Structure formats: C-alpha cells, structure tokens
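A short worksheet on the structure shown next.
Only this structure's heavy atoms are used, side chains among them; waters, hydrogens and symmetry mates stay out. Every value quoted in this text rests on a predicted model; they were computed, and no experiment measured them.
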Amino acid sequence: MRNMKTLLQVTAVAALTGLAACQSTSQAPAPTGPAQPTLDVPAGAQSVTIAADPATIRATLTSSAKEKGTTVVQDQPNMVVMERVMSGANPALDAEFGPSDNGTRVIRIRVRFSGSGCQTLAVQDLAVVNNVHTALEQSFVLPGNPNTLESLNGLKRDAERKSACPRF
C-alpha cells in the first residue's frame, strides 16, 4: 500500500512537471524568412496589395521590363527600379522641367514591395530625370495618374496569375 501511494505521488509530480514544462516553453513561431521592411507611401505614389509573395512580384517586374525593352537599373529583393528613355524633342517636358540638353531624359519607375506569403504591398513612384547618369542629372517626382495606376494594376494581375495564392 505504501509503495502504491509513493508511486501515485511520483506519477503526479512527473505529470505536473511535464505540464509546467510544456507551458513555460511555448514560444511564438520563428519567422520563416528575412524580416520585411515597412513601406511608406509618399505623396504622389500609388500602392496596391497583391496576393503574391515578394519574390513573385520581383520576377514579374523584371520579366515584364525585359519583354517591353525597359532597362532595369536596380534589381533588389524588395525593390526594382526601371528606366524608359524618352527620345526626341518634347516641348511639354522641356517647359515643365527644363531641357535635357547634356544627356538623355528618362522616366524612372521605382517599385518597392514588402510582405509575406500571400499579402504584399507594392508602392510605385515615378520621376522624370533630365541628363540621366551625368553630373547634371536632375530628378523631378511625378504624381501618379490613371495610366500609371493601370500599370500597377497590371503588375498585380500578372503576379497573382503566377502565384498560387488566393486572390483578394
């Protein structure tokens, strides 16, 4: 009888110790990838939430640029910067931003994106750059417009098509 009582006490202590150990070691799940930056949406920029991971968005941007003949000047895990050359005279841009008489004029498109899994925020901003890649380079931020928003929605559509994520 005494051995039975001792056995029950030992069993009860072991069970309580195991329960306490389980409760005290529970932790939040470890992140599965590198921490994603927090994005701001500056005035004039446009943003959209995409049902795809950042890697899919990056791949979609770079392949689309290649298809359209747009130069990718920066290709990073959370940002792609592209430039499209503005050839020929453009009196409207000259009047608005001054001439680009010491170099080429480009439209610079920067798309930053951050998220995880199936929810990524993409922020697009644009600039006219006079005398690009010279000592006289001047950059002028452009406000977004319906055409540039259409381009951003095209990115959303294409990336979601390539992604296995459910769409929003």
Test item: C118 and P166 side chains (from C-beta on) under 4.5 Å apart, heavy atoms: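 In contact.
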
CD (E150) with more than 12 external heavy atoms under 6.0 Å: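 No, CD of E150 has 12 or fewer neighbouring heavy atoms, counting only those of other groups under 6.0 Å.
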
Strictly distance-based, threshold 3.5 Å: is any side-chain N or O of [X] a donor or acceptor partner for the main-chain N or O of [Y]?
X: S64; Y: L61; answer: no
X: E83; Y: V73; answer: no
X: T120; Y: S114; answer: no
X: R84; Y: K68; answer: yes
X: Q46; Y: L149; answer: yes
X: E137; Y: H133; answer: yes
X: T148; Y: G144; answer: no

When rounded to the nearest 0.5 angstrom, what is the spacing between [atom1] in [X] and [atom2] in [Y]?
X: I109; Y: S151; atom1: CD1; atom2: OG; result: 7.0 Å
X: T49; Y: K156; atom1: OG1; atom2: NZ; result: 6.5 Å
X: I57; Y: D158; atom1: CD1; atom2: CG; result: 11.5 Å
X: C165; Y: D53; atom1: SG; atom2: CG; result: 6.5 Å
X: T71; Y: R108; atom1: OG1; atom2: CZ; result: 11.5 Å

What's the shortest heavy-atom distance between [X] and [Y], and which atoms?
X: N130; Y: G98; value: ND2-O, 3.1 Å
X: V80; Y: R58; value: CG2-CG, 4.1 Å
X: V123; Y: A45; value: CG1-CB, 4.0 Å
X: T56; Y: T60; value: O-OG1, 2.7 Å
X: F113; Y: N78; value: O-ND2, 2.8 Å
X: T134; Y: G103; value: CG2-CA, 4.5 Å

S47 and L121: CA distance, side-chain angles, deciding distance, side-chain contact (heavy atoms from CB on, under 4.5 Å) verdict: CA-CA 7 Å; S47 65; L121 174 66; 3.9 Å; yes

Would a single hydrophobic cluster contain both [Y] and [X], if residues Ile, Leu, Val, Met, Phe, Trp and Tyr are joined by side-chain heavy-atom contacts under 4.5 Å?
X: L136; Y: F140; result: no
X: L152; Y: L142; result: yes
X: V129; Y: L126; result: no
X: F97; Y: V132; result: no
X: V81; Y: V106; result: no

Worked check of side-chain contact (heavy atoms from CB on, under 4.5 Å) between V141 and D125: CA-CA 8 Å; V141 176; D125 46 13; 5.6 Å; no

side-chain hydrogen bond (donor to acceptor under 3.5 Å, both in side chains) partner of R105, chosen from N131, D94, N90: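 For R105, the side-chain hydrogen bond (donor to acceptor under 3.5 Å, both in side chains) check succeeds only for D94.
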
